[in-house]
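Quick note: numbers below take in every heavy atom, side chains included, and nothing from hydrogens, waters or symmetry partners. Counting convention: from 1, in listed order, for ligands and their atoms alike. Counting from 1, the numbers follow the sequence of the chain as shown.
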Amino acid sequence: QHQILVFLSYQNIAEIAQLLDVAELISRLEAVMGEFSQRGAGLVQPVRSVVPLQKHGGFLGLMPAYLAHEDILCTKMVAFYQREQGSSLPTTQATVLLFDPVSGVVSAVMDGEVITARRTAAVSAISAKLLMPRHAEILCLLGSGHQAVSHYEVFTQAFTFKEVRVWSRSKERAEEFARAAGGPVTVCPSVKEAVEGADVIVTATNASEPLLFGKWVKSGAHVAAVGACRPDWRELDDDLMRDAVVYVDSREGAAAESGDVILSGAEVFAELGEMINGSMPAQRDKTTVFKSLGMGIQDAVSAKLVYDKWKSQQ
Ligand SMILES: NC(=O)c1ccc[n+]([C@@H]2O[C@H](COP(=O)([O-])OP(=O)(O)OC[C@H]3O[C@@H](n4cnc5c(N)ncnc54)[C@H](O)[C@@H]3O)[C@@H](O)[C@H]2O)c1
Ligand SMILES: O=C(O)[C@@H]1CCCCN1
């Protein structure tokens with residue numbers, strides 16, 4: 001009898017979080033991103049298929065991936081929406097399916113919330129490790145939602161900052177974020193004040209117009225941009241995109257989905273995986289942008305990590 005593991009939505013988040021060790025996740029993500037950028041036959045991951053739900057201001061993304069070396073077959077399904085400010089409905093909901101690649105049987109259905117939050121922050125942390133200034137002291141988070149929280153957790157675990165700042169559209173939310181954080185966080189009244197002098201800036205908002213302007217960004221800073229995942233959505237302005245050295249998770253993904261890349265006309269210098277596998281340099285001394293869109297292979301290694309840990313505990 002084949003055993004199916006079911007993690008129903010929003011019920012076992014603490015359990016999944018416990019199974020997703022940050023250091024281990026980072027090391028698995030580095031390996032798979034490095035391999036992806038070699039474009040070998042062992043890794044299959046089409047650009048995400050996105051179904052627009054025009055009537056509801058949302059999208060359904062399908063993110064399949066097969067990793068032959070580790071024999072991982074996985075797909076994430078993620079519904080994401082642009083919500084009115086104050087809406088109580090979630091903006092992003094994800095479910096991850098793991099398959100037995102021999103039979104095609106589903107071996108696990110997992111809530112994708114923690115996987116999405118952690119793996120995205122872990123990938124941003126890899127970009128920061130390679131691209132942020134050597135003695136980075138100030139981390140700035142723009143947005144105070146799920147991604148901001150997971151970036152705070154992962155970044156403060158992976159690095160040491162003298163100061164952490166947050167800006168959010170809603171001051172109350174930013175204050176709530178600061179109260180809930182595990183350490184001191186400065187709430188900033190404007191994006192400009194939040195980012196001035198910052199060494200690392202994470203943009204994690206649902207904005208569709210630029211909110212981070214190059215003129216405010218310190219020369220040599222690193223920006224990890226995780227929002228704006230549609231070809232007509234922006235978080236960063238043209239100046240920043242054109243003046244910075246731009247890295248992406250996947251060139252094909254960025255060309256299809258990143259408004260910041262497409263509409264600015266900025267040149268993509270390299271993929272994160274190209275830095276990891278040594279085929280392209282990390283230009284740490286320059287102002288850098290890592291434009292993240294999210295990849296199925298990232299969910300696949302994360303889900304496998306959760307599954308293997310869970311199995312070993314049975
Ligand atoms: N790159 C990736 O792999 C990846 C993965 C997951 C989510 N995302 C994207 O990251 C972004 C944040 O996701 P989340 O799960 O934290 O969402 P969330 O809804 O939990 O938080 C969104 C934050 O953005 C703010 N915001 C919304 N509209 C804004 C606007 N117009 N201007 C400024 N701030 C605004 C909200 O106030 C909130 O702080 C989304 O765009 C999401 O699609 C990317
Ligand atoms: O890769 C992801 O999981 C996210 C989901 C939401 C839209 C952007 N990309």
N-O pairing of Glu176 and Lys171 below 4.0 Å: no

Nearest-neighbour protein heavy atom for atom 11 (C) of ligand 1, which is reported as residue plus atom name and distance: Thr205 O, 3.4 Å

Parallel, tilted or perpendicular: rings of Phe155 and Phe159 (30°, 60°): perpendicular

Among Gly61, Pro90, Ala207, Ala225, closest by any non-hydrogen atom to atom 31 (N) of ligand 1: Ala207

The one among Val166, Asp299, Val226 that brings a heavy atom closest to atom 8 (N) of ligand 1: Val226

Any N/O pair Leu211/ligand 1 closer than 3.5 Å: no

Ligand 1-proximal atoms of Arg169, by part, heavy-atom distance under 4.0 Å: side chain

Nearest option to atom 7 (C) of ligand 2, as decided by whichever heavy atom of Cys229, Gly253, Gly296 sits closest: Cys229

Glu175 with Arg173: basic N within carboxylate O range, under 4.0 Å: no

Mode of Thr116 contact toward ligand 1 - side chain, backbone, both, neither (heavy atoms, under 4.0 Å): side chain

Per-residue contact class, Arg119 against ligand 2 - non-hydrogen pairs under 4.0 Å: side chain

Which segment of Gln298 sits under 4.0 Å of ligand 2 when only heavy atoms are counted: neither

Proximity to ligand 2 by part of Leu293, non-hydrogen separation under 4.0 Å: backbone

Under 4.0 Å to a heavy atom of Thr91 - the qualifying atoms of ligand 1, by number: 17 (O), 18 (P), 19 (O)

Aromatic centroids of Phe80 and Phe59 separated by under 6.0 Å: yes

Ionic contact status for Arg119 with Asp299, cut-off 4.0 Å: yes

Side chain, backbone, both or neither: Arg119 near ligand 1, heavy atoms under 4.0 Å: side chain

Region of Ser144 engaging ligand 1 - heavy atom pairs below 4.0 Å: both

Contact with ligand 1 for Gln82, non-hydrogen, under 4.0 angstrom: no

Shortest reach to atom 2 (C) of ligand 1 by a heavy atom, considering only Thr120, Thr92, Thr203: Thr120

